Amino acid sequence: MYILITGGSGFIGSNFIHFFLNSNPSSKIVNLDKLTYAGSTSNLKAVEHHLNYDFVQGDICDRGLVERLFKTYNFSGVIHFAAESHVDNSIVSPGAFIDTNILGTFNLLDVARNHWMSGAHSIKEEHERSRFLHISTDEVYGSLGEKGLFTEQTAYAPNSPYSASKASSDFIVRSYFHTYGMNVVTTNCSNNYGPNQHDEKLIPTIIRKALSGAPIPIYGDGKNIRDWLYVEDHCKGIDLAFREGIAGETYNIGGKNEWDNLSIARFICDTLDKIKPKEESYIKQISFVKDRPGHDYRYAIDASKIEEELGWNAKENFESGIVKTIDWYIKKYESL
């Protein structure tokens, strides 16, 4: 049984492949990744010679390539991570987000539908259990005030080209269930952190700048709040949704760890003061920079649906997960 994983060389995808190969020894993976700046073969060096792992460098927008892969491997599942995901980049260059997140998702869905189905609501016998799992984000819901949580019923209100492109892809996935009866599931997650995350993201930036002695940049007043989810917990939720989720359903996956950006920076600095002390506290490196346009104030996920229906629970709190994360990045930056 071959599973197509798109964007598997990126942050969440690479962590998932490590987890999936360990948890599903009979399944075989094909990782299709364009290897943009955000993906690296080094993230999967430990499994590059694994008997159940194949890597294909390519673009999900290349429909011909996707069709050839389906013919070659006869995939019985797709787990779709591939996406442009950095909000700042979407503000400067939104076109790449429209292409990858919308057109790329459509290509994958449509090729899978043609391969698995003989017509609307008519699934080929050998693909009765074949499933398309779409990985999305809580940013599609917009911004929360001081109170409240995003649920699967929250209306979409994306505020950046990135979140708008992800919202569009979510709706395309939804339409393939309602129009064609295709076996699709969507997951919307909160902010992930952990090993293999790209240096541009908030937590790696804080750690990297702190260790290098450079100013640690915090947008605005640092009071923007996010719900933080350790990447391994997210991988377990994705696996559950893929195996046991109900077709056509959406599952929100969140960590129940709300932190504002300034508090995260201070916590990381305090932790570094203890494990890698220097003459002055790392906190003195914190600096404030001009806020980005359309910066949402707060995200927070209600994960009760996946907890109650599929039995998922986040194991790491932010304090425990961030210590593991800091240790991983210290080793990474010291080896450069």
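When reading the values below, keep in mind they use all heavy atoms of this one structure, side chains included, and skip hydrogens, waters and symmetry mates. Note that this is a predicted model, so its numbers are computed, not measured.
Not a single donor-acceptor pair under 3.5 Å links the side chain of Asn101 to the backbone N or O of Ala83. With His121 contributing its side chain and Thr179 its backbone, the two residues share a donor-acceptor pair below 3.5 Å. One N or O on the side chain of Ser163 and one on the backbone of Asn159 form a donor-acceptor pair closer than 3.5 Å. Of the possible polar contacts, one joining the Asp62 side chain to the Leu65 backbone as a donor-acceptor pair under 3.5 Å is found. In this structure a side-chain-to-backbone donor-acceptor pair under 3.5 Å is missing from Ser23 to Phe20. Looking at Gln285, its side chain does come within 3.5 Å of a backbone N or O of Ala214 through a donor-acceptor pair. A donor-acceptor distance shorter than 3.5 angstrom exists from the side chain of Asn188 to the backbone of Thr137, with no hydrogens or angles considered. A donor-acceptor distance shorter than 3.5 angstrom exists from the side chain of Arg298 to the backbone of Gly148, with no hydrogens or angles considered. No donor-acceptor pair closer than 3.5 Å links the side chain of Tyr282 to the backbone N or O of Gly213. No donor-acceptor pair closer than 3.5 Å links the side chain of Glu128 to the backbone N or O of Ile123.
Side-chain N/O atoms of Tyr141 and Asp296 include no donor and acceptor closer than 3.5 Å. Using modelled atom types, one finds a donor on one side chain and an acceptor on the other under 3.5 Å when comparing Thr205 with Arg208. For the residue pair Ser9/Asn31, the side-chain donor-acceptor check at 3.5 Å is satisfied. In this structure, a donor-acceptor pair under 3.5 Å is absent between the side chains of Asn43 and His18. A donor and an acceptor atom, one from each side chain of Asp54 and Tyr2, are nowhere located under 3.5 Å apart. In this model, a donor atom of one side chain and an acceptor atom of the other lie less than 3.5 Å apart for Asp273 and Ser281. For the residue pair Ser169 and His134, a side-chain donor N or O sits within less than 3.5 Å of a side-chain acceptor on the partner.
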(message) Walk me through whether Phe267 and Trp259 qualify under ring-ring contact (aromatic ring centres under 6.0 Å, His included).
(response) CA-CA 10 Å; Phe267 186 81; Trp259 286 66; 5.3 Å; yes

(request) Please step through side chain to side chain contact (heavy atoms under 4.5 Å, CB included) for the pair Met1 and Arg129, ending with a clear verdict. (result) CA-CA 11 Å; Met1 180 176 75; Arg129 296 180 61 83; over 6 Å; no

(request) Take Phe132 and Phe177 through the test side chain to side chain contact (heavy atoms under 4.5 Å, CB included) and record every step on the way to the result. (result) CA-CA 10 Å; Phe132 189 107; Phe177 172 74; over 6 Å; no

(request) For the pair Ile135 and Phe16, evaluate side chain to side chain contact (heavy atoms under 4.5 Å, CB included) and give the outcome as yes or no after the intermediate values. (result) CA-CA 12 Å; Ile135 314 297; Phe16 182 79; over 6 Å; no

(message) With side chain to side chain contact (heavy atoms under 4.5 Å, CB included) as the criterion, how do Asn24 and Asp239 come out once you've worked through the C-alpha distance, each side chain's angles and the decisive distance to 0.1 Å?
(response) CA-CA 10 Å; Asn24 302 273; Asp239 187 46; 3.6 Å; yes

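With rounding to the nearest 0.5 Å, the separation of NZ in Lys166 from OG1 in Thr186 is 9.0 Å. Expressed to the nearest 0.5 Å, how far NE2 of His86 lies from OH of Tyr37 amounts to 6.0 Å. Distance CD/Glu126 to OG/Ser76: 9.5 Å, rounded to 0.5 Å. Here the CG-CG distance, from Leu229 to Asn192, works out to 5.0 Å after rounding to the nearest 0.5 Å. To the nearest 0.5 Å, atoms CD (Glu309) and CG (Leu240) are separated by 12.0 Å. Remark: Arg243 CZ to Leu310 CG distance equals 9.5 Å, nearest 0.5 Å.
Counting non-hydrogen atoms of other residues, nucleotides and ligands closer than 6.0 Å to NZ of Lys256 gives a total of 12 or fewer. For Lys28, the NZ atom sits in a loose shell: 12 or fewer heavy atoms of surrounding residues, nucleotides or ligands are nearer than 6.0 Å. Within a 6.0 Å sphere centred on NZ of Lys124, other residues, nucleotides and ligands contribute more than 12 heavy atoms. Heavy-atom neighbours of His49 NE2 from other residues, nucleotides or ligands within 6.0 Å: at or below the threshold of 12. Heavy atoms of other residues, nucleotides or ligands lying less than 6.0 angstrom from CG of Leu51 number 12 at most.
Contact record, Ala82 with Ile60: CB-CD1, 4.0 Å, taken as the closest heavy-atom pair. Here the shortest heavy-atom pairing between Ser165 and Phe97 reads CB-O, 3.6 Å. Heavy atoms only, all atoms of each residue included: Ala241 and Arg131 are closest at O-NH1, 3.2 Å. The minimum heavy-atom distance linking Phe242 with Ile3 is given by the pair CZ-CD1, 3.9 Å.
The hydrophobic clustering, which links ILVMFWY residues whose side-chain heavy atoms are closer than 4.5 Å, places Val184 and Ile79 apart. There is no path of hydrophobic side-chain contacts, each under 4.5 Å, that joins Phe150 to Tyr162. If you chain together hydrophobic residues whose side chains sit under 4.5 Å apart, Leu133 and Ile246 fall into the same group. When hydrophobic clusters are built by joining Ile, Leu, Val, Met, Phe, Trp and Tyr residues whose side-chain heavy atoms come closer than 4.5 Å, directly or via intermediates, Phe55 is not grouped with Leu32. Hydrophobic clustering keeps Trp228 apart from Ile12 (ILVMFWY residues linked when any side-chain heavy atoms are closer than 4.5 Å, directly or through intermediates).
In this structure, Asp88 and Glu200 have side chains that are not in contact, with every pair of non-hydrogen atoms separated by 4.5 Å or more. Using a 4.5 Å cut-off on side-chain heavy atoms (C-beta onward), Glu84 and Asn89 make no contact. Looking at heavy atoms from C-beta onward, Tyr299 lies out of side-chain contact with Asp227 at the 4.5 angstrom threshold. Between Trp116 and Asn183 the shortest side-chain heavy-atom distance does not fall below 4.5 Å. Under the 4.5 Å side-chain criterion, counting only non-hydrogen atoms from C-beta, Tyr176 is not in contact with Val173. Side-chain contact between Phe75 and His115: absent, with no pair of heavy atoms (C-beta onward) separated by less than 4.5 Å. Proximity of Leu108 to Leu4: side-chain heavy atoms (C-beta onward) are separated by under 4.5 Å at one or more points. Side chains of Glu67 and Asn107 form no contact here, defined as non-hydrogen atoms less than 4.5 Å apart.
For the pair Lys276 and Glu334, the salt-bridge criterion is met [side-chain N within less than 4.0 Å of a carboxylate O]. We find that Asp110 and Arg63 are joined by a salt bridge, their nearest charged nitrogen and carboxylate oxygen being less than 4.0 Å apart. Taking the charged nitrogens against the carboxylate oxygens, Asp327 and Lys331 do have a contact shorter than 4.0 Å, which makes a salt bridge. Using a 4.0 Å cut-off between charged side-chain N and carboxylate O, Glu232 and Lys236 make a salt bridge. Under a 4.0 Å N-O distance rule, the pair Asp59/Lys34 qualifies as a salt bridge.
When the options Val78, Thr72, Val56 are evaluated for a side-chain contact (heavy atoms from CB on, under 4.5 Å) with Val30, the one that passes is Val56. Checking each of Trp328, Tyr193, Phe318 against Tyr230 for a ring-ring contact (aromatic ring centres under 6.0 Å, His included) leaves exactly one that passes, namely Tyr193.
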